[in-house]
Amino acid sequence: MSIGIVFSDVDGTIVDNNHHPIPASAEILQRVAAQIPFCLVSARSPEGLYPIHRQLGLTGPIACFSGAYVLDHEGNELYSSVIATDEALAIKRYLEDELPNVVVGTYGFHDWIVDDRSDPRVVREEYFVQAESRQSRDLAGTFGDRGIHKFLLMGDPASIVAAQRTVSERYPHLNVVRSNDILCEVMSGEASKSHAIEVLCERYGVDRAQSIAFGDGPNDIDMLAAAGRSYAMANAEETVKAAASEVLPWNNEECGVARMLDRLLS
């Protein structure tokens, strides 16, 4: 197939198991990005993606919060889908009351607030994404009438599975999906990685049939299904592998994305 645009998840896909960029991938990814748009599509915030850009030498567009906030290569907004502030306040109260074993982070645009920055689960997430949260309980004061892009639920695997089920049943109009076994994202029902593909293909004038995508987690499944051709990492969950056109023989630590792109575009 003729490749016109590349979409890649980040965690478990183009970063190592500490969720940080792998320098060995940089040269190939930069070569690809010089030829065609190379787009990061992630549950991370912009502040969690720009360190990846800097360390790998990339400058392309980004789809943040699993597609809820899409920015072009200059940081201009291409798409935004939010949960209204009044509804977000009600959801936050529900999460606090019903999910006492889960820590909640609230994200919107370029802000990330948590109730307690010292919580080990928040500390771990800050380390992974190389970005800092801000301690505040004032959701309305932080986001005003702009709304929020995402709640991030952080906990142990059993709590996260239960949280996904509970929140999905309580709020069926929202997009509630695990990004891995300890994180669950809660977003507008109109936000998805597959929609981000549509937005970016239109922005760059590329037929979706000429797109390829890489991913490893449950929140990548719709993106893999939407791309012209898709690749699941060797370390991906089985449901993710089943959704992809092909399963790579390499995992994220083995620079699977870079190696496959080098093969495809040589």
Side-chain angles (χ1 to χ4, degrees), residues 6-22 25 38-45 48-49 52 62-70 102-103 105 107 121 124-125 127-131 149-165 167-168 174-189 191-197 211-227 229-258 260:
V6 177
F7 299 100
S8 178
D9 175 49
V10 173
D11 297 288
T13 304
I14 64 164
V15 295
D16 62 24
N17 289 339
N18 284 320
H19 302 262
H20 297 161
I22 303 173
S25 295
F38 185 93
C39 315
L40 299 181
V41 185
S42 171
R44 293 190 186 206
S45 67
L49 289 179
I52 307 295
I62 55 176
C64 313
F65 309 128
S66 294
Y69 192 40
V70 183
V102 169
V103 171
Y107 296 76
R121 290 161 289 191
R124 176 180 59 198
E125 183 66 11
Y127 169 74
F128 283 165
V129 302
Q130 302 176 76
H149 282 113
K150 181 183 82 169
F151 288 112
L152 176 65
L153 313 183
M154 298 170 270
D156 62 78
S159 296
I160 290 300
V161 168
Q164 182 185 19
R165 180 178 62 253
V167 178
S168 295
L174 298 179
N175 185 3
V176 183
V177 61
R178 286 189 305 109
S179 47
N180 59 40
D181 62 346
I182 60 173
L183 301 175
C184 181
E185 326 286 335
V186 181
M187 300 153 295
S188 158
S192 68
K193 290 190 175 185
S194 56
H195 185 256
I197 282 185
S211 67
I212 62 173
F214 298 87
D216 76 298
N219 64 340
D220 296 320
I221 289 175
D222 69 300
M223 175 176 72
L224 297 177
R229 187 161 186 82
S230 57
Y231 299 88
M233 307 302 293
N235 51 287
E237 296 186 18
E238 291 305 315
T239 54
V240 181
K241 292 178 179 178
S245 306
E246 187 174 327
V247 178
L248 294 181
W250 312 289
N251 62 32
N252 58 312
E253 291 265 335
E254 296 168 323
C255 303
V257 171
M260 191 65 202

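- A 4.5 Å side-chain heavy-atom check between His19 and Val129 finds every atom pair outside the cut-off.
- Annotation: side chain of Trp250 is not in contact with side chain of Cys255 (no heavy-atom distance under 4.5 Å).
- The shortest non-hydrogen separation linking Thr13 to Met233 is O-CE, 3.5 Å.
- Between Phe214 and Tyr231, the angle of the ring planes stays under 30°, which puts this pair in the parallel group of the 30/60° scheme.
- Asp216 CG to Asp11 CG: the interatomic distance, rounded to the nearest 0.5 Å, is 8.0 Å.
- For the pair Leu153 and Ile160, the minimum side-chain heavy-atom distance is below 4.5 Å.
- Annotation: salt bridge (charged side-chain N to carboxylate O under 4.0 Å, His left out) contacts involving residues 235-252, sequence neighbours excluded, comprise Arg178-Glu237, Arg229-Glu246, Glu238-Lys241.
- Every residue was checked against the side-chain hydrogen bond (donor to acceptor under 3.5 Å, both in side chains) condition with Tyr69, not counting sequence neighbours, and none meets it.
- Between Leu49 atom CG and Cys39 atom SG the span is 11.5 Å, to the nearest 0.5 Å.
- Smallest separation of non-hydrogen atoms from Pro157 and Ile182: CD-CG2, 4.1 Å.
- At least one side-chain heavy atom of Val177 sits under 4.5 Å from a side-chain heavy atom of Met187.
- In terms of modelled atom types and a separation under 3.5 Å, the side chain of Ser66 and the main chain of Lys193 share no donor-acceptor contact.
- Using a 4.5 Å heavy-atom cutoff, the side chains of Ile62 and Ser42 are not in contact.
- Using a 4.5 Å cut-off on side-chain heavy atoms (C-beta onward), Ile14 and Leu40 make contact.
- The CZ atom of Arg124 sits 7.0 Å away from the CG atom of Leu183 when rounded to the nearest 0.5 Å.
- Two residues are said to be in side-chain contact when any heavy atoms from C-beta on lie closer than 4.5 Å; Ser25 and Val257 fail this criterion.
- Interatomic distance, CG of Asn175 versus CD of Glu185, reported as 9.5 Å (0.5 Å rounding).
- Smallest separation of non-hydrogen atoms from Met223 and Asp9: CE-N, 4.1 Å.
- Among pairs with a residue in residues 12-21, none fulfils salt bridge (charged side-chain N to carboxylate O under 4.0 Å, His left out), at least two apart in sequence or across chains.
- Taking both residues in full, the closest heavy atoms of Gly12 and Asn235 are given as O-ND2, 2.9 Å, listed atom of the first, atom of the second, then distance.
- What you find for Arg44 and Val10 is that their closest heavy atoms are NE-CG1, 3.9 Å.
- With Glu254 contributing its side chain and Asn251 its backbone, the two residues share a donor-acceptor pair below 3.5 Å.
- Annotation: the span from Ile52 atom CD1 to His20 atom NE2 amounts to 7.5 Å, rounded to 0.5 Å.
- Between atom OG of residue Ser45 and atom NE2 of residue His149 there is a gap of 11.5 Å, rounded to the nearest 0.5 Å.
- Between Gly215 and Leu224, the shortest heavy-atom contact is N-CD2, 3.8 Å.
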